[in-house]
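Before any comments, here is the structure.
Just so you know, residue 1 is the first one in the sequence shown, and it goes up from there.
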Amino acid sequence: MKKRMAVSVLTMTCGLLAGCGGQSQQETFETLRAPIEAAEEIRLVAQLQTESAEQVETYGLECIRSEDAWEVTVTEPEILAGITARLSDEETALIYGDVMLPVGDLTAGGIPPVGAVPVMVETLRDGALDSVWTENGALAAKLIYDDEVDVTVWFDEENKPCRAELSEQGTVRARCTLEEFRVERSQANGGTEETDLGGDQPAEFAP
């Protein structure tokens, strides 16, 4: 599932200078994604819209990231509810009962539709920062997934990630609204700490 590119220091610097506020906004963004980078487990609920030349499809998803692999369960539409995808660097498969099926691609680079939200979160987690700015009083950031794909993430007024877009060569392939977003990591005393990064209420996707 994972495909990365090497980004030069010059490219990153030019991208950051393009964002309003420069270094201070970069620092704010890095602070906001620090809990996601450190998380040992990520749990989120999202509404996803995928777009292709043939059709637009919308899904409700529950996603869990644990031990470098993702489990994505479809909750909507009802006809698909209960189908689960397991995604890792080695495997992408749909599981329904005892049936395992291969997954098609959303992008030319091989991102499956069910993998769009995991790719968005992984890019937010450790993707190279291209630019950062404020929009309607809240932070937004564009990050690089690979040579063809980038991810834009918007935060709300409380600096919680609330929506994201995945684009391939400038064309939006997927949009998502994050309704719940929780991260968990181990503490020095052996316990675990859970952080609620919030989310947003269900909303209609802009065309």
Tell me, with the steps shown, if E57 and Q55 meet side-chain hydrogen bond (donor to acceptor under 3.5 Å, both in side chains).
CA-CA 7 Å; E57 297 181 334; Q55 59 188 345; 3.0 Å; yes

For the side chain of E168 and the backbone of A108, is there at least one donor-acceptor N/O pair under 3.5 Å apart?
yes

Assess whether a salt bridge exists between E165 and R175, defined as any Lys/Arg side-chain N lying under 4.0 Å from an Asp/Glu carboxylate O.
yes

In terms of hydrophobic clusters joined by side-chain contacts under 4.5 Å, are L32 and V151 together?
yes

Identify which one of T50, L87, V72 satisfies the side-chain contact (heavy atoms from CB on, under 4.5 Å) criterion when paired with P112.
L87

Counting distance only, does the side-chain N/O of R163 pair as donor-acceptor with the main-chain N or O of C176 below 3.5 Å?
no

Using only atom types and a distance under 3.5 Å, with no angle test, would you say the side chain of T107 pairs donor to acceptor with the backbone of I111?
yes

May I ask whether I83 and V45 are part of the same hydrophobic cluster, defined by side-chain heavy atoms of I, L, V, M, F, W, Y residues being less than 4.5 angstrom apart, directly or through others?
no

Please assess R173 against E51 for the test salt bridge (Lys or Arg N to Asp or Glu O under 4.0 Å), listing each intermediate value before the final yes or no.
CA-CA 5 Å; R173 298 297 186 189; E51 303 179 14; over 6 Å; no

Salt-bridge criterion met for E184 and R182 (N-O under 4.0 Å)
no

Between Q47 and the options L61, L178, T58, the side-chain contact (heavy atoms from CB on, under 4.5 Å) test singles out T58

In terms of side-chain geometry, is the basic nitrogen of E37 or R125 positioned less than 4.0 Å from the acidic oxygen of its partner?
no

Do W70 and L80 sit in the same hydrophobic cluster, where Ile, Leu, Val, Met, Phe, Trp and Tyr count as joined when their side-chain heavy atoms come under 4.5 Å apart?
yes

Check side-chain hydrogen bond (donor to acceptor under 3.5 Å, both in side chains) between E135 and all other residues, then give those that pass, not counting sequence neighbours.
W133, W154

